[in-house]
A.B. asks: 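Quick one: the structure is below, and I'll ask about it shortly.
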Amino acid sequence: MKFKGIILLCGLVVSATIQGFAQSKIDPKDISHKMQWFGDAKLGIFIHAGIYAVDGIDESWSFHNKKISHADYMKQLKGFTMKNYNPVFWADLIKESGARYAVLTTKHHDGVAMYDTKLNDLSIVKSTPAKRDMVKPLFEELRKRDIKCGAYFSLIDWSNINYPGFLKDSSRYSVPDDYERWGRFRNFFQGQIKEINAMFKPDLWWFDGDWEHSAEEWESQKVRHLILSGNPDAIINGRLQGYGDYETPEQNFPVSRPKYNWWELCMTTSENWGYHRDDTWKTPYEVITIFVDAVSNGGNLLLDMGPKADGTIPDEQIHVLKELGAWNKKHGEAIFNTLGGLPQGHFYGPTTLSKDSTSLYLFLHGHVSGTVMLKGLVNNIKEISVVGNGTQLSHKVVGKISWSPVPGLVYIDIPENVLDNYMTVLKLKLDKPLKLYRGQGGLN
Ligand code: GLC
């Protein structure tokens, strides 16, 4: 269930979007083998391509929320040309960003398929001047670059005459009143899933909109089965009413570490999923720090881009992806194939660990020069270096008492000339796998 609400906290009014997750029915032990690449990948690029880019309005929600009539929304079909669509350029850019997977909209809530569906005419192939499938050429280019391919698929289809929901305050019918009609819609959407599974073999399925119906109504278990029977290693996101593999907090930043084995923060680079004129963009610094925060908390970032209707990518978007990519290139060893870092309280910043936990990475926000401090490290440090720069740094252990098991504090001096423009990363080579002291000092 998804709702926007107002929460009253001790006189403070906080506006919040809350994404409630259906309790997962999937045992992590059963899927850990296929989740390996996903856990190591850390960065994916989300692509919201759709006719909403023609007028630069909210994807699907603009007609649902009655900002524009459905008829006017659909007029955008005529302007969707993709005439400068260049999957080679897109795939190169995604590769350059450092991403290991990409997720493309195959159909949003507006029901417009971005591929050649045989089940109706509402596709960019049959109903727009683009007259072509977007998915296959992009997946081919991504796969050549070793990037995993994900298919976003909206379960909601507000344009379909057999789908109950339509505008925010009016629906066509309710499921209990007309099971037969719902059955027709169910055959249709499941048919499209089968098509996509067979045509493109997605490595990952990214469902959306499950909150409008129950697991029983969608037949989530059957949907999972029909995907996995043809494509057993496919990963399925958590928006399938309990039948997905990982959680997808949306535009919301965890403060304490999520308890899930696998999770992915999906986030816009601007303020919208699809292309809007005069948008406001996050800076590369903001995107990099958010990305690092997700990774240090054991998660991934799925960073969105919204291409224009002619298939070009906005310059601001290209800038962010290139800066992120350059930073990843320099600091990749501290990010990809790592584990979430230290629990809170040891270091005032994000951290990650190598898989064998003998290397600890400390991320420094902004231009921190001077001294940083680390608490509760039982290990001896063999060496400290600046990632991507190689400079070795010295450190001092302060306050270690010979008779006490409580470790001393580690102080590390950071000279100004090693600082990265965005985030500097230190690598601490430990004598053995990480061991932490988590107590209350002399009090226990
Ligand atoms: C939400 C929105 C949708 C968007 C998606 C991306 O569920 O309904 O418009 O595509 O988030 O995460």
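Fair warning: this is a prediction, and the values are worked out from it, not measured in the lab. Remember, it's 1-based here, ligands and their atoms both numbered in the order they're listed.
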A.B. asks: Which salt bridge (Lys or Arg N to Asp or Glu O under 4.0 Å) pairs, counting each pair once, include a residue from residues 318-328, with sequence neighbours left out?
C.D. replies: E96-K322

A.B. asks: Assess W206 for proximity to ligand 1: is some non-hydrogen atom of it under 4.0 Å away?
C.D. replies: yes

A.B. asks: Heavy atoms only, cut-off 4.0 Å: how does Y52 contact ligand 1, side chain, backbone, both, or neither?
C.D. replies: neither

A.B. asks: Kindly determine whether K83 and D310 satisfy salt bridge (charged side-chain N to carboxylate O under 4.0 Å, His left out), including the steps that lead there.
C.D. replies: CA-CA 5 Å; K83 65 171 185 283; D310 70 350; 5.3 Å; no

A.B. asks: Which ligand 1 atoms does W61 reach within 4.0 Å, using its non-hydrogen atoms?
C.D. replies: 2 (C), 3 (C), 8 (O), 9 (O)

A.B. asks: May I ask you to list the atoms of ligand 1 that are less than 4.0 angstrom from any heavy atom of H109?
C.D. replies: 2 (C), 3 (C), 8 (O), 9 (O)

A.B. asks: Is the H64-F166 ring centre distance short of 6.0 angstrom?
C.D. replies: no

A.B. asks: Could you check whether atom NZ of K131 has more than 12 heavy atoms from other residues, nucleotides or ligands sitting under 6.0 Å from it?
C.D. replies: no

A.B. asks: With atoms numbered from 1 as shown, which atoms in ligand 1 lie under 4.0 angstrom from a non-hydrogen atom of E59?
C.D. replies: 3 (C), 9 (O)

A.B. asks: Could you tell me, atom by atom, which parts of ligand 1 come under 4.0 Å of a heavy atom of H108?
C.D. replies: 3 (C), 4 (C), 9 (O), 10 (O)

A.B. asks: Mark up the atoms of ligand 1 that fall under 4.0 Å of a heavy atom belonging to R239, in ascending order.
C.D. replies: 7 (O), 11 (O), 12 (O)

A.B. asks: Which one holds for F207 and ligand 1: side chain close, backbone close, both close, or neither close, with close meaning a heavy atom under 4.0 Å?
C.D. replies: neither

A.B. asks: Heavy-atom contacts with F46 under 4.0 Å: which atoms of ligand 1 show up? List them by number with element.
C.D. replies: 6 (C), 12 (O)

A.B. asks: If you take the centroid of each ring, where Trp contributes its six-membered ring, are W37 and Y101 closer together than 6.0 Å?
C.D. replies: yes

A.B. asks: Heavy-atom distance to atom 4 (C) of ligand 1: which of H48, H64, E250 wins?
C.D. replies: H48

A.B. asks: Centroid-to-centroid, Y152 to W205, below 6.0 Å?
C.D. replies: no

A.B. asks: Could you list the atoms of ligand 1 found under 4.0 angstrom from a heavy atom of C266?
C.D. replies: 12 (O)

A.B. asks: Is the shortest distance from a Lys or Arg side-chain nitrogen in K67 or D55 to a carboxylate oxygen in the other one below 4.0 Å?
C.D. replies: no

A.B. asks: Charged N to carboxylate O under 4.0 angstrom, K75 versus D72?
C.D. replies: yes

A.B. asks: Within a distance under 4.0 Å of any heavy atom of D208, pick out the atoms of ligand 1 and give their elements.
C.D. replies: 1 (C), 2 (C), 3 (C), 4 (C), 5 (C), 7 (O), 8 (O), 10 (O), 11 (O)

